[in-house]
Amino acid sequence: MRWEGNRESSNVEDMRGGGGGGFGLGGGTIGIGTIVIALVGGALLGVNPLTLLGIMTGGGNAPPAQTGPAPAPPANDQMARFVSTVLADTEDVWRDLFKQGGATYQDPKLVLFRGAVRTACGAGQAAMGPFYCPADQKVYIDLSFYETMKNRLGAPGDFAQAYVIAHEVGHHVQQELGISEKVEQARARASQAQANALSVRLELQADCFAGVWAHHAQRARNVLEQGDIEEAMNAAQKIGDDALQQAAGRAVVPESFTHGTSAQRQRWFSTGLESGTVKSCDTFNARSL
């Protein structure tokens, strides 16, 4: 991915110096089994795992979010610069698309943390992987996750890393468009199987939005290099619900899916990449995913 020399976002907060220690959620501790389930459910390109953990642990009062301004990452931190540049690119794309639709895009913040972090959605853990918190409109990422992607998930490459950020920003776009709130309301009234099916459509739409970003970033700034799309498609393949269940030695149970199959995730990223339109990402009215 060509990113050196491009604009870096000022919306990055560096919380890596203020973390440490484990956090509870809902007034209690989170068992390792719960963490593992959240990791499988939301580790890479996933829906906010804090929401998942809140459901699994019965909710409760979340720890207070960070107050006051956080410092920017140091200028010599190459990985932080990469993340800042990708975030800036998503800002440019989504600002333009919202403007074309007569709306104003509110940039999300991106928080770098190490180990654990307090958010407006509860306690975030590095084991969850990257996540988006709608309550404070921030994307959270522990950069060590990129090593996990490469070494444990078999999803290396800088464009795969950019895809992670673009997907989480896609959840922010859903929040801006009012989609997330409607889905949460519908899930609250649904059976577990129906709620899972809605989550799948939400996730696939975020995959599609990541493709929309890539489409416009390529047209405007020629960011793609040979092999980049393959990196993103490989990442999507590795974290399909069917692939994760098979990798864990479990039977594939479609009713339990919350993110979509590998093929579905690849298909919807490709849909956004090829069309470049938000309209093409209407997973909720699609007859076939």
Side-chain angles (χ1 to χ4, degrees), residues 8-27 30 35 38 41-57 59-73 80 83-84 86-88 90-91 94-95 98 103-143 145 164-185 187-188 199 202-203 205-206 209-210 213:
E8 296 179 31
S9 175
S10 60
N11 290 313
V12 178
E13 301 177 351
D14 193 347
M15 298 286 292
R16 291 174 294 180
F23 292 93
L25 186 66
I30 304 173
I35 293 273
L44 178 59
L45 312 181
V47 73
N48 177 12
L50 296 178
T51 300
L52 179 60
L53 282 170
I55 294 170
M56 294 168 64
T57 58
N61 296 323
Q66 172 73 16
T67 59
V83 169
S84 298
V86 173
L87 182 65
T90 66
E91 292 168 351
W94 289 110
R95 285 173 186 171
F98 271 59
T104 300
Y105 177 69
Q106 300 296 327
D107 298 336
K109 298 283 188 180
L110 187 148
V111 179
L112 304 176
F113 73 98
R114 182 178 291 117
V117 65
R118 296 183 185 274
T119 83
C121 296
Q125 300 279 351
M128 300 171 182
F131 59 89
Y132 172 70
C133 173
D136 57 23
Q137 299 190 5
K138 294 181 179 182
V139 172
Y140 292 84
I141 183 170
D142 184 323
L143 294 179
F145 184 73
V164 171
I165 298 170
H167 176 97
E168 298 305 336
V169 170
H171 284 307
H172 176 68
V173 173
Q174 291 171 325
Q175 179 76 5
E176 288 283 281
L177 295 174
I179 296 170
S180 301
E181 182 178 2
K182 292 179 180 178
V183 171
E184 285 304 308
Q185 291 173 350
R187 291 182 77 255
S199 293
L202 192 73
E203 289 302 317
Q205 185 177 66
F209 284 167
W213 159 74

Close side-chain approach of V173 and F98, heavy atoms under 4.5 Å = yes
About how many Å separate [atom2] of [Y] and [atom1] of [X], when rounded to the nearest 0.5 Å?
{"X": "H167", "Y": "E203", "atom1": "NE2", "atom2": "CD", "result": "4.0 Å"}
{"X": "T90", "Y": "R95", "atom1": "OG1", "atom2": "CZ", "result": "9.0 Å"}
{"X": "F131", "Y": "Q125", "atom1": "CZ", "atom2": "CD", "result": "9.0 Å"}
{"X": "Q185", "Y": "S180", "atom1": "CD", "atom2": "OG", "result": "11.0 Å"}
{"X": "L87", "Y": "E168", "atom1": "CG", "atom2": "CD", "result": "12.0 Å"}

Apply side-chain contact (heavy atoms from CB on, under 4.5 Å) to V83 and I165, showing your working.
-> CA-CA 8 Å; V83 169; I165 298 170; 3.9 Å; yes
Of all heavy-atom pairs between [X] and [Y], which one has the smallest distance, and what is that distance?
{"X": "W213", "Y": "A166", "value": "CE3-CB, 3.5 Å"}
{"X": "K138", "Y": "E13", "value": "NZ-OE1, 3.2 Å"}
{"X": "M128", "Y": "A123", "value": "CE-O, 3.5 Å"}
{"X": "D136", "Y": "A120", "value": "OD2-N, 3.2 Å"}
{"X": "A126", "Y": "D142", "value": "CB-OD2, 3.3 Å"}
{"X": "P130", "Y": "V164", "value": "CG-CG1, 3.5 Å"}

Please step through side-chain contact (heavy atoms from CB on, under 4.5 Å) for the pair I141 and L112, ending with a clear verdict.
-> CA-CA 5 Å; I141 183 170; L112 304 176; 3.8 Å; yes
Stepwise, does the side-chain contact (heavy atoms from CB on, under 4.5 Å) test hold for Q174 with F209?
-> CA-CA 9 Å; Q174 291 171 325; F209 284 167; 3.7 Å; yes
Passing candidate, side-chain hydrogen bond (donor to acceptor under 3.5 Å, both in side chains) with Y132, options H171, H172, Q175 | H172
Hey, is the main chain of E176 close enough, under 3.5 Å, to the side chain of Q106 for a donor-acceptor pair?
-> no
Residues Y140, V117; criterion side-chain contact (heavy atoms from CB on, under 4.5 Å); working and verdict | CA-CA 9 Å; Y140 292 84; V117 65; 3.9 Å; yes
